[in-house]
**Student:** 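Sharing a structure here in structure tokens format.
Letters A, B, ... are given to chains in the order of the sequence lines, protein chains preceding strands, and every chain is numbered from 1. No experiment lies behind these values; they were computed from the predicted model shown.
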There are 2 protein chains.
Amino acid sequence: MNELTPLRRVTIIDIAREAGVSPSTVSLVLQKNERISAETRQRVEDVIQRLGYKYNRSAANLRRQTSQAIGLIINDICNPFFAEMTAGVQSVLQGTDFLVFLVEAGDDVERQSRVYRSLEEHGIGGLIIFPASETKPEFLERIAAGGTPICVAVRRPPDADVDYVGPDNRLAGRMATRHLIDLGHKRIAFLSGEAHSPARIDRIAGYRDALQRAGLKFDPALCLESRPTRANAIIDVQKALDLKDPPTAAIGYNDNVAIAAMHGLRLRGVEPGRQFAIIGIDGTSDAELAHPALTTVALHAHDIGRRAAELVLERIKAPSRVHENVILRPNLIVRSSCGSR
Amino acid sequence: MNELTPLRRVTIIDIAREAGVSPSTVSLVLQKNERISAETRQRVEDVIQRLGYKYNRSAANLRRQTSQAIGLIINDICNPFFAEMTAGVQSVLQGTDFLVFLVEAGDDVERQSRVYRSLEEHGIGGLIIFPASETKPEFLERIAAGGTPICVAVRRPPDADVDYVGPDNRLAGRMATRHLIDLGHKRIAFLSGEAHSPARIDRIAGYRDALQRAGLKFDPALCLESRPTRANAIIDVQKALDLKDPPTAAIGYNDNVAIAAMHGLRLRGVEPGRQFAIIGIDGTSDAELAHPALTTVALHAHDIGRRAAELVLERIKAPSRVHENVILRPNLIVRSSCGSR
DNA sequence: TCGGCAAAGTAGAACGTTCTACCAAGATTG
DNA sequence: CAATCTTGGTAGAACGTTCTACTTTGCCGA
């Protein structure tokens with residue numbers, strides 16, 4: 001009323017006074033509760049407009065003991081896979097009142113628990129996490145038990161009883177291998193990735209499946225193993241070339257490895273796509289920019305993020321729903337790095 | 001005390017009772033206030049450990065009318081430039097109690113004000129924003145006037161009186177052009193980007209500077225203009241090739257454009273790096289993966305994020321500091337797309 | 001001895017919502 | 001016509017901190 005004291009922020013109480021109702025009523029209007037008659041609602045809404053009221057979620061959070069924020073713990077936002085996954089999460093949160101707290105844990109359990117603690121302090125209504133590789137299932141289960149709706153993404157914790165959404169790594173490995181076999185390749189390398197990585201284990205399993213199905217025998221020498229960096233990928237592909245019976249094609253542990261491997265080939269004067277087939281696994285948009293454009297098995301990072309967010313939102317509504325395991329089917333995207341064209 | 005009622009969360013009051021002090025004291029301990037004697041502090045801290053107390057920031061936010069969250073509004077997280085910038089922000093927030101609310105506004109003013117409103121409701125202690133291109137300076141100034149520490153990044157709002165950190169686009173344009181001139185090129189195209197974009201205007205200004213300095217004359221026909229998508233970049237480079245007096249080199253409006261342009265060249269049987277020089281502007285890690293590896297002018301997205309976060313943190317501490325304008329100096333990164341190898 | 005001051009701690013009212021009871025007044029029913 | 005139900009609303013106590021303004025105690029100097 002007094003236009004001379006615009007210092008205090010306008011609260012639900014100011015609205016109530018101005019609209020001639022109680023604060024409770026304003027609160028109910030805010031929550032779109034149908035308990036309130038149309039005319040009262042209208043009146044309150046008008047006042048809200050007029051006074052430029054801003055909802056204070058901190059107060060609501062305190063009172064309701066929850067928060068409209070979702071924690072999103074990933075490895076590294078510069079990795080396009082995670083960037084796309086993050087975009088997927090955002091796409092579903094977009095239309096809601098939820099916001100995301102993004103944090104990177106860099107595949108470090110120590111840091112992961114630190115950032116989780118911080119998320120907890122700030123208050124989150126749910127959590128989507130790509131767990132660090134050394135994560136113990138109890139860590140995730142303790143979070144779930146604590147009442148925080150949680151969805152684990154991409155990296156399946158062995159036996160943790162929580163919601164999960166991720167790719168079918170085995171099928172992806174199989175599809176990639178199958179594609180190369182269909183193109184007539186008999187000696188196919190698998191480049192990079194760390195031996196203990198569950199993703200790699202599954203992809204290799206798929207690779208072996210496809211080999212076996214085609215009556216080709218598995219040669220361990222063709223499976224190079226290393227941290228999946230660009231530098232290692234270059235080394236690995238060259239090691240493969242140096243074998244007594246060298247491969248004519250290779251699967252990259254991921255797109256990055258595959259792209260770097262193409263560089264490695266050229267350093268040896270081998271032209272990828274023409275003299276050697278390369279296929280990646282990931283399907284990030286980077287693959288399209290490579291030259292030759294990378295044939296790859298898309299894991300649908302965006303959809304993983306989307307589904308994970310949907311799952312968390314559902315669990316927020318119904319905390320005791322039975323846990324879901326969502327496995328997304330990969331897709332082969334044929335471009336030119338395997339010579340088809 | 002009663003171990004049979006573990007349902008309620010443990011609060012500062014429980015700690016106080018257990019440690020035989022008042023809640024005020026516990027609060028002071030939490031804030032590391034030196035008002036409290038060493039032994040009392042120790043006692044309280046022990047109890048905190050023992051009971052597994054978790055600080056409730058929502059309550060603190062409500063009381064203090066602020067929040068330890070920083071809003072980060074960007075265009076699109078899948079763009080490596082923004083991903084790197086985000087990582088830069090995280091790198092400084094890392095050691096603090098701040099967390100970031102990440103939101104994408106997709107260069108849409110409408111959406112931008114919606115997400116800002118949402119950030120406001122959730123409560124933020126500061127804001128870093130890459131403003132949508134149609135953003136009015138008043139929008140930013142109103143935020144600052146409202147008391148929210150704000151730092152604008154990358155895209156300079158004309159005359160808005162706020163903190164800003166961004167690249168020197170003009171110098172970047174000059175450096176790119178200069179490099180090509182030094183390599184002996186006389187006809188240099190500038191590919192893509194929208195005419196009204198301030199970044200492009202500045203980069204073109206730098207391009208003209210360098211041309212003039214070298215005694216070369218500016219030919220508007222060599223400046224192609226379009227939304228900087230991959231498809232447009234391919235079209236633009238081909239248009240350039242079709243000119244009566246075609247260029248022998250080109251500057252991409254950004255790295256993405258440059259990489260796509262290389263594809264465009266190859267579609268015409270022109271080998272980038274050997275028969276035509278291409279240089280980008282951005283310096284995201286993608287450039288390294290391209291083939292040939294892209295020579296580019298690095299704008300240091302990571303550092304922009306880092307500085308922006310530092311500026312916001314400083315302004316949170318000292319709200320009335322004079323506004324700063326931080327301009328980061330670009331760097332030429334020579335790889336092989338201009339033939340120098 | 002007394003006034004003053006520093007050190008260490010405390011009381012208690014906020015902060016802005018939500019939500020469980022509760023209430024008043026019509027409408028409906030037997 | 002009394003009993004019950006429905007509709008539309010309200011009172012007021014939380015939620016867990018923070019922070020201003022005390023209080024208490026001991027010490028010091030005059």
**Student:** Assess the residue pair B:Asp14 and B:Arg17 against the criterion (salt bridge (charged side-chain N to carboxylate O under 4.0 Å, His left out)); give the C-alpha distance rounded to whole Å, side-chain angles, the decisive distance to 0.1 Å, and a yes or no.
**Tutor:** CA-CA 5 Å; B:Asp14 302 319; B:Arg17 186 174 21 230; 2.8 Å; yes

**Student:** Distance-only check: which donor-acceptor pairs under 3.5 Å involve side-chain atoms of residues 33-40 of chain B, not counting sequence neighbours?
**Tutor:**
residue : atom : partner : partner atom : Å
B:Asn33 : OD1  : B:Arg35 : N            : 2.7
B:Ser37 : OG   : B:Thr40 : N            : 3.4
B:Ser37 : OG   : B:Thr40 : OG1          : 2.9

**Student:** For A:Asn33 and C:dT18, give me the distance from atom CG to atom C1', rounded to whole Å.
**Tutor:** 12 Å

**Student:** Surrounding CZ of A:Arg321 (heavy atoms of other residues, nucleotides or ligands, distance under 6.0 Å), is the total greater than 12?
**Tutor:** yes

**Student:** Assess the side chains of A:Gln31 and A:Ser27: does a donor N or O sit below 3.5 Å from an acceptor N or O?
**Tutor:** yes

**Student:** Apply side-chain contact (heavy atoms from CB on, under 4.5 Å) to B:Arg307 and B:His300, showing your working.
**Tutor:** CA-CA 11 Å; B:Arg307 286 298 283 133; B:His300 307 301; over 6 Å; no

**Student:** Indicate yes or no: does B:Arg306 engage B:Asp303 in a salt bridge with an N to O separation below 4.0 Å.
**Tutor:** yes

**Student:** Atom CG of B:Asn61 to atom C1' of D:dT17: distance rounded to whole Å?
**Tutor:** 10 Å

**Student:** Can you list, by residue number, the residues of residues 116-126 of chain A that have a non-hydrogen atom closer than 4.0 angstrom to DNA chain D?
**Tutor:** none

**Student:** In a check of side-chain contact (heavy atoms from CB on, under 4.5 Å) between A:Phe130 and each of A:Val152, A:Ile73, A:Asn75, A:Ile304, which one passes?
**Tutor:** A:Asn75

**Student:** Once each nucleotide of nucleotides 7-15 of chain C is scored for protein heavy atoms under 4.0 Å, what B/S/- sequence comes out, 5' to 3'?
**Tutor:** -BBBBBBBB

**Student:** CG of B:Asp97 versus P of D:dT17: gap in Å, rounded?
**Tutor:** 14 Å

**Student:** Can you check the A:Arg57 CZ to C:dG16 P distance for me, whole Å?
**Tutor:** 16 Å

**Student:** If I take atom NZ in residue B:Lys54 and atom P in nucleotide D:dG16, what distance separates them, rounded to the nearest angstrom?
**Tutor:** 13 Å

**Student:** In Å and rounded to the nearest 0.5 Å, what is the CG to CG distance from B:Asn61 to A:Asn56?
**Tutor:** 9.0 Å

**Student:** If I take atom CG in residue A:Asp14 and atom P in nucleotide C:dG16, what distance separates them, rounded to the nearest angstrom?
**Tutor:** 9 Å

